[in-house]
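To start, the structure itself, in structure tokens.
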Amino acid sequence: MSADTIDLTARDETWVGRVLPVLRMVAKTYFRSEVRGMDKVPDGGVLLVSNHSGGLMAFDVPVIAVAFAEEFGERRPLYTLAHDLMFTGLGRQIFGKVGFLPAHPRNAVQALRSGAATIVFPGGDWEAMRPSSQGAQIDFHGRTGYIRTALEAGVPIVPIVTIGGQETQFFINRGDGLAKFLGVDRLLRIKSAPLGFGFPFGITPGFPPNIPLPSKLVTEVLDPIDITAEFGTNPEIADVDEMVRKRMQHALDDLARRRRFPVLG
């Protein structure tokens with residue numbers, strides 16, 4: 001099966017049921033996660049659009065997944081669009097069983113048309129490995145494919161923002177120059193190799209192997225966006241993208257204002 005072909009039936013509710021308690025413990029105990037507004041997600045196919053933080057060990061995915069399952073039950077499927085690296089070797093079988101899909105438009109449309117909620121992180125590794133000083137900034141790096149996906153599938157967009165993820169490790173820079181030098185931008189399609197600081201190895205180049213710090217993660221689910229209702233039947237993609245990012249940035253700014261201390265929350 002090629003990277004851009006999927007089988008939605010690979011998601012195994014038994015596996016999901018086994019994994020969720022572990023994720024719940026990590027999310028609520030280690031990261032003290034708070035998720036607000038999950039009840040805003042409408043029934044049926046819906047594209048959840050989130051910012052992405054935490055480098056290669058981003059924990060915003062399990063935090064959202066746990067809150068989604070608590071709100072709607074484990075039987076309502078949630079698919080997550082992820083980087084191709086997740087599906088190398090045994091990754092395809094393991095992550096496929098818990099609802100991960102290669103982040104290709106046809107996969108997203110297929111999942112959405114099946115009536116499933118599907119989450120995408122347009123900023124991907126570029127946003128997840130931004131400097132920690134920019135942890136409260138939405139940065140999709142000009143990627144607007146998620147708008148076309150929602151339009152093609154005929155589903156609403158629900159923006160989601162999380163703060164605290166970029167404090168699970170302290171990223172000193174973005175490291176896009178190092179990524180090019182190492183060739184990982186071509187070989188692995190990873191655009192950043194940041195210099196990071198954390199525990200127990202201190203400063204590490206490239207991809208920090210440090211243990212994620214127990215940063216408090218706070219997530220806000222925003223109101224659904226019906227693109228056609230707000231922009232008409234032939235919307236300008238750039239206008240829709242700008243509106244989505246502005247709403248997300250406003251919500252993330254609000255979370256940042258409420259955050260008193262790094263890591264502690």
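Looking at T219 and S33, their side chains never come closer than 4.5 Å, going by heavy atoms from C-beta outward. Within the 4.5 Å cutoff, no side-chain heavy atoms of I157 are placed close to those of P224. For the pair M38 and I64, the minimum side-chain heavy-atom distance is below 4.5 Å. Two residues are said to be in side-chain contact when any heavy atoms from C-beta on lie closer than 4.5 Å; T80 and F121 meet this criterion. Between L213 and E167, every side-chain heavy-atom pair lies at or beyond the 4.5 Å cut-off. Inter-residue side-chain proximity for S53 and T162 is flagged as unmet; no heavy-atom pair is nearer than 4.5 Å.
The side-chain hydrogen bond (donor to acceptor under 3.5 Å, both in side chains) check on H250 picks up nothing, with sequence neighbours excluded. Applying the side chain to side chain contact (heavy atoms under 4.5 Å, CB included) rule to R258 yields the partners R36, D254; only residues at least two apart in sequence or on another chain are considered. In this structure, the side chain to side chain contact (heavy atoms under 4.5 Å, CB included) partners of P21, at least two apart in sequence or on a different chain, are R24. For D253, the side-chain hydrogen bond (donor to acceptor under 3.5 Å, both in side chains) test picks out Q249, with sequence neighbours left out. Partners of T14 under the side chain to side chain contact (heavy atoms under 4.5 Å, CB included) rule, at least two apart in sequence or in another chain, are D12, R18. With sequence neighbours excluded, the residues satisfying side chain to side chain contact (heavy atoms under 4.5 Å, CB included) with P62 are L23, F59.
Closest non-hydrogen pair, P235 versus V240, comes out as CB-CG2, 3.9 Å. In this structure, P159 and M248 approach most closely via the heavy-atom pair CB-CG, 3.6 Å. Closest approach of S50 to I119, counting heavy atoms only: CB-CD1, 4.2 Å. Of all heavy-atom pairs spanning F31 and P212, the tightest one is CZ-CB, 4.3 Å. Smallest separation of non-hydrogen atoms from A111 and S114: O-OG, 2.5 Å. The heavy-atom pair separating L217 from G164 by the smallest distance is CD2-C, 3.4 Å.
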(message) side chain to side chain contact (heavy atoms under 4.5 Å, CB included), that's the test. Do I163 and R259 meet it? Break it down for me.
(response) CA-CA 9 Å; I163 198 165; R259 195 171 183 84; 4.0 Å; yes
(message) Could you go through V49 and F140, starting from their C-alpha distance and side-chain angles, then the distance that decides it, and tell me whether this counts as side chain to side chain contact (heavy atoms under 4.5 Å, CB included)?
(response) CA-CA 11 Å; V49 177; F140 289 172; 4.1 Å; yes
(message) Evaluate L48 against L78 for side chain to side chain contact (heavy atoms under 4.5 Å, CB included), listing each step before the verdict.
(response) CA-CA 10 Å; L48 310 179; L78 172 65; 3.8 Å; yes
(message) Under the criterion side chain to side chain contact (heavy atoms under 4.5 Å, CB included), I'd like the reasoning laid out for F170 against V263: C-alpha separation, chi angles, the key distance, then a yes or no.
(response) CA-CA 10 Å; F170 290 99; V263 180; 3.9 Å; yes
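Checked options H52, K246, E127; the residue passing with I138 is E127 (criterion: side chain to side chain contact (heavy atoms under 4.5 Å, CB included)). Of the residues R76, R75, K97, the one that meets the salt bridge (charged side-chain N to carboxylate O under 4.0 Å, His left out) test with E13 is R75.
Rounded to the nearest 0.5 angstrom, L101 CG and Q110 CD are separated by 8.5 Å. Expressed to the nearest 0.5 Å, how far CZ of F197 lies from CD1 of I203 amounts to 6.5 Å. Rounding to the nearest 0.5 Å gives a distance of 10.0 Å between CG of L252 and CZ of R257. Taking CG of L20 as the reference point, atom CD of E74 lies at 5.0 Å (rounded to 0.5 Å). Note: L195 CG to T204 OG1 = 7.0 Å, rounded to the nearest 0.5 Å.
Under the 4.5 Å side-chain heavy-atom criterion for Ile, Leu, Val, Met, Phe, Trp and Tyr, I211 and V61 are members of the same hydrophobic cluster. Linking ILVMFWY residues whenever their side-chain heavy atoms come closer than 4.5 Å, directly or via other members, leaves Y79 and V109 in distinct clusters. M57 and W126 are members of different hydrophobic clusters when ILVMFWY side chains are connected at heavy-atom separations under 4.5 Å.
Under a 4.5 Å side-chain heavy-atom criterion applied to ILVMFWY residues, the cluster that includes F261 comprises L264 as well.
The environment of CG in N234 is sparse: at most 12 heavy-atom neighbours from other residues, nucleotides or ligands sit within 6.0 Å.
Screening residues 131-143 for salt bridge (Lys or Arg N to Asp or Glu O under 4.0 Å), with sequence neighbours left out, gives D139-R174. For residues 215-248, the set of pairs meeting the ring pair (Phe, Tyr, Trp, His ring centres under 6.0 Å) definition, not counting sequence neighbours, is empty. Among pairs with a residue in residues 45-65, none fulfils salt bridge (Lys or Arg N to Asp or Glu O under 4.0 Å), at least two apart in sequence or across chains. Sorted by first then second residue, the salt bridge (Lys or Arg N to Asp or Glu O under 4.0 Å) pairs that include residues 221-238, not counting sequence neighbours, are K40-D223, E230-R247.
Under a 3.5 Å cut-off, the side chain of S132 and the backbone N or O of Q169 do form a donor-acceptor pair. Between the side chain of Q166 and the main chain of F171, no donor-acceptor pair closer than 3.5 Å is present. A donor-acceptor pair under 3.5 Å is absent between the side-chain atoms of D125 and the main chain of L56, judged by distance alone. Counting only distance, with no hydrogens or angles, the side chain of T118 and the backbone of A108 share no donor-acceptor pair below 3.5 Å.
Ion pairing between K216 and E34 holds under the 4.0 Å rule for side-chain N and carboxylate O.
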Tabulate below the donor-acceptor pairs under 3.5 Å that side-chain atoms of residues 146-156 make, not counting sequence neighbours, or state none.
| residue | atom | partner | partner atom | Å |
| --- | --- | --- | --- | --- |
| Y146 | OH | D241 | OD1 | 2.6 |
| R148 | NH1 | T144 | OG1 | 3.0 |
| T149 | OG1 | G145 | O | 3.1 |

